[in-house]
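Comments concern the structure below.
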Amino acid sequence: MALSKELRQTGSASGTATTTVISTATSSVLAQETILSTVDSEAVGDLSLGGVGSRMPNRPGNPRSRGSVDDRLISRKLAMEIPWMGQREVCKMLQSSSSSSEESSEEISDDDTQAEQREADLLATTNVYDSTGKATYKQACEMYGVVPISYFVRNMANPELSLMHYGLGPQGAKAIAVSLITNTTVLKMNLKDNWLEAGGAKAIAEMLKENCYITEVDLSDNQLGTDGARAISTMLIENTILVKIALSGNNFDDHAADYLAEAISNSVKLQFLDLSHNKISNTLGNELGMAIGESTGLLELNLSWNCIRGKGCIGLAEGLKDNIYLRVLDLSYNGFGNEGAKALGEALKVNNVLEYLNISNNRISVEGAVLLSLGLRSNATLVDLNMARNPMQSAGCYAILKAVKDNAKSAIVSLDFSDITVNNDFADLFNSVKEQIPNLEVKHERNLDQFKKPRSKADPLTKLKEFMKENQLQAEHFLDAFDLVENRPIKLRKFQDGLKNARVPLNDMEQQKLTELLDKEKDGEIDLSALNEMLLSD
């Protein structure tokens with residue numbers, strides 16, 4: 001689009017006419033042709049800024065004349081048509097044209113002082129460049145019929161902007177996008193859960209094509225759909241600034257994933273991509289795998305909580321073999337089973353860059369764990385492996401830990417087997433591995449037997465003697481605790497109560513055995529003299 005304006009100036013003193021031509025060419029008008037496509041351009045052109053001076057005009061003036069007394073009405077159409085020019089350039093253009101007029105010298109005011117004052121007021125108003133876009137945002141809200149968000153206005157100058165759960169909708173997103181085109185302060189933006197839909201996604205995408213400062217964006221839970229994925233993917237290919245984007249929970253199916261795969265393949269700047277909680281299935285497994293293999297910038301990819309089953313995981317694993325950049329891969333909650341575990345094991349034999357792998361909740365049994373462990377026997381880069389909540393039992397955990405132990409080049413320092421109960425064999429192996437890898441951490445559901453104190457093999461009478469020896473109690477002093485008449489038998493119940501009062505460390509079972517040993521007559525009574533003899537014997 002080419003924009004050309006001619007400002008003809010007529011000198012008041014010499015009467016000679018001087019013509020100044022200002023021409024500006026541009027490839028596109030972003031505000032009107034993309035984000036503001038729904039707004040009538042003629043209506044925009046009629047918007048004007050007024051109130052530069054307070055003095056009423058003393059005669060009608062030509063609206064195109066910058067030197068007339070009616071120069072307080074400044075058309076906004078020029079600023080809208082040249083969004084990239086900036087306020088300073090517009091100010092210089094207006095300043096150069098304010099000294100002349102299309103009117104003849106007879107129509108110019110005789111009061112030079114008042115004209116100079118009006119010119120000064122004009123310069124003071126137009127010379128301020130709005131780097132945050134606040135004024136543009138308020139105008140855009142009027143255009144789209146949305147209520148301005150005060151929090152957004154107050155924080156447009158901050159490097160981090162969080163607008164989660166504001167219910168912006170497509171129109172609200174367009175108003176924000178317009179104002180952020182020229183914003184130079186916001187670096188991170190969170191628009192999570194705002195129901196932006198495809199329309200809002202397109203507006204944000206067009207803005208990110210032009211904005212040269214925003215590096216992180218969160219568009220999670222916005223129902224963007226396939227059309228939104230297409231707009232975002234196109235933006236990711238063209239954008240050279242954005243490093244991180246979260247697109248979780250946007251109803252992306254295989255059609256949407258097809259566009260996103262193209263973005264993964266061609267984006268050279270994007271490093272972190274979150275596609276979790278979507279509906280990506282096996283159909284796009286091969287395409288995503290090829291995209292991962294061709295990616296030259298992506299460092300972290302989250303595909304958790306999708307529908308990638310065995311065949312889809314095989315495609316991803318094939319791409320993982322060729323990738324030389326990806327450091328973090330999250331495939332949890334996909335259910336790819338043993339077939340996927342085997343494919344990943346084969347990939348780990350070849351891949352030499354992946355450091356973190358999360359495959360928790362994927363229906364991997366003992367067989368799948370054993371197949372995956374074959375890759376761990378030769379892998380030298382994986383640091384953290386998460387296999388929590390898989391039905392692989394203690395035997396599967398044992399196979400993984402044994403592979404780590406047998407690999408002298410293994411870099412693993414963290415294994416997560418949460419909610420999987422392990423047995424004593426695993427515990428013994430872990431103690432052995434700790435000697436080889438002292439900083440190894442393993443999370444698991446321990447066997448409850450490991451927490452129980454080992455039962456003493458000594459008989460109750462021996463334990464009673466040990467208790468008396470530790471507390472330096474003589475037999476006669478110990479028996480005094482029962483408060484009995486000398487040489488008289490004692491009932492079993494009373495004897496047991498006496499043991500508890502003396503705090504003898506015998507459980508109910510051991511007390512029962514001791515009473516059976518002392519009640520030789522089986523009459524429910526104990527002869528304390530016999531007990532005294534037993535305590536004094538070796």
Side-chain angles (χ1 to χ4, degrees), residues 201 219-220 224-237 242-337 339-348 350-351 353-364 372 375 386:
L219 297 176
S220 302
L224 303 185
T226 302
D227 290 339
R230 177 167 48 191
I232 295 296
S233 299
T234 303
M235 177 273 297
L236 290 175
I237 296 175
L242 197 65
V243 175
K244 181 177 182 179
I245 186 169
L247 298 170
S248 175
N250 277 300
N251 286 332
F252 290 159
D253 55 11
D254 289 343
H255 296 291
D258 195 12
Y259 295 113
L260 295 169
E262 183 179 359
I264 294 175
S265 300
N266 296 286
S267 176
V268 295
K269 192 67 176 180
L270 187 65
Q271 297 179 2
F272 305 92
L273 176 60
D274 184 0
L275 293 174
S276 61
H277 293 271
N278 282 295
K279 300 178 180 179
I280 303 173
S281 64
N282 290 339
T283 307
L284 264 293
N286 292 331
E287 283 74 5
L288 284 176
M290 293 176 59
I292 292 174
E294 297 173 358
S295 174
T296 58
L298 197 62
L299 301 179
E300 181 174 337
L301 177 61
N302 188 346
L303 289 171
S304 63
W305 288 95
N306 277 282
C307 305
I308 303 174
R309 303 295 187 246
K311 294 182 180 179
C313 187
I314 292 175
L316 292 176
E318 290 297 323
L320 197 60
K321 291 180 181 179
D322 300 328
N323 184 278
I324 58 174
Y325 291 93
L326 194 65
R327 298 291 188 272
V328 179
L329 178 60
D330 190 345
L331 295 174
S332 59
Y333 290 93
N334 273 289
F336 49 71
E339 190 177 4
K342 179 181 179 181
L344 289 174
E346 294 296 326
L348 290 176
V350 181
N351 184 281
V353 293
L354 192 67
E355 297 177 357
Y356 175 86
L357 177 62
N358 188 345
I359 52 175
S360 60
N361 295 275
N362 272 295
R363 306 174 188 172
I364 300 174
L372 180 69
N386 189 340

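Given the structure is predicted, the values throughout are model-derived calculations rather than measurements.
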Is it true that the side chains of D254 and S281 contain a donor and an acceptor less than 3.5 Å apart? yes
Measure the spacing between CD1 of I232 and CG of L260 and express it to the nearest 0.5 Å. 9.0 Å
Nearest 0.5 Å, please: how far is CG in L372 from CD in E346? 10.5 Å
Where is the tightest heavy-atom contact between A256 and A229, given as atom of each residue plus distance? CB-CB, 3.6 Å
Rounded to the nearest 0.5 Å, how far apart are NZ of K311 and OG1 of T283? 10.0 Å
Side chain proximity check, T226 to Y259, heavy atoms < 4.5 angstrom: yes
When you measure from the side chain of S248 to the backbone of S220, do you find a donor-acceptor pair of N or O atoms at a distance under 3.5 Å? no
Do you know which two heavy atoms are closest between N362 and S332, and how far apart they sit? ND2-CA, 3.7 Å
Without swapping roles, check the side chain of D330 against the backbone of L303 for a donor-acceptor pair under 3.5 Å. no
Distance in Å, N251 CG paired with N278 CG, rounded so as to fall on 0.5 Å steps: 7.0 Å
L316 vs L329 side-chain heavy atoms within contact, under 4.5 Å: no
Backbone of I237 reached by a side-chain donor or acceptor of N266 within 3.5 Å: no
Got L273 and I245 here, is their nearest side-chain heavy-atom distance under 4.5 Å? yes
Rounded at 0.5 Å granularity, tell me how far OG1 in T234 sits from CD in E262. 7.5 Å
Are the side chains of L344 and F336 in touch, meaning some heavy atoms are under 4.5 Å apart? yes
Rounded to the nearest 0.5 Å, the CG atom of L270 sits from the CE atom of M235 at a distance of 8.5 Å
Is the shortest heavy-atom distance from the side chain of E294 to the side chain of S265 under 4.5 Å? yes
Between V353 and L326, what is the shortest heavy-atom contact and its length? CG2-O, 3.5 Å
For residues S267 and L236, report the shortest heavy-atom separation together with the two atoms involved. OG-O, 3.6 Å
Please report the closest heavy-atom contact between E339 and I314, naming both atoms and the distance. OE2-CD1, 3.4 Å
Please tell me if the side chains of L298 and Y325 come closer than 4.5 Å, counting only heavy atoms from C-beta onward. no
Provide the closest heavy-atom pair for N334 versus N306 in the form atom of the first, atom of the second, distance. OD1-C, 3.1 Å
With a 4.5 Å cut-off on side-chain heavy atoms, are K269 and V243 touching? yes
Pairwise side-chain contact, K244 with E300, heavy-atom cut-off 4.5 Å (strictly under): no
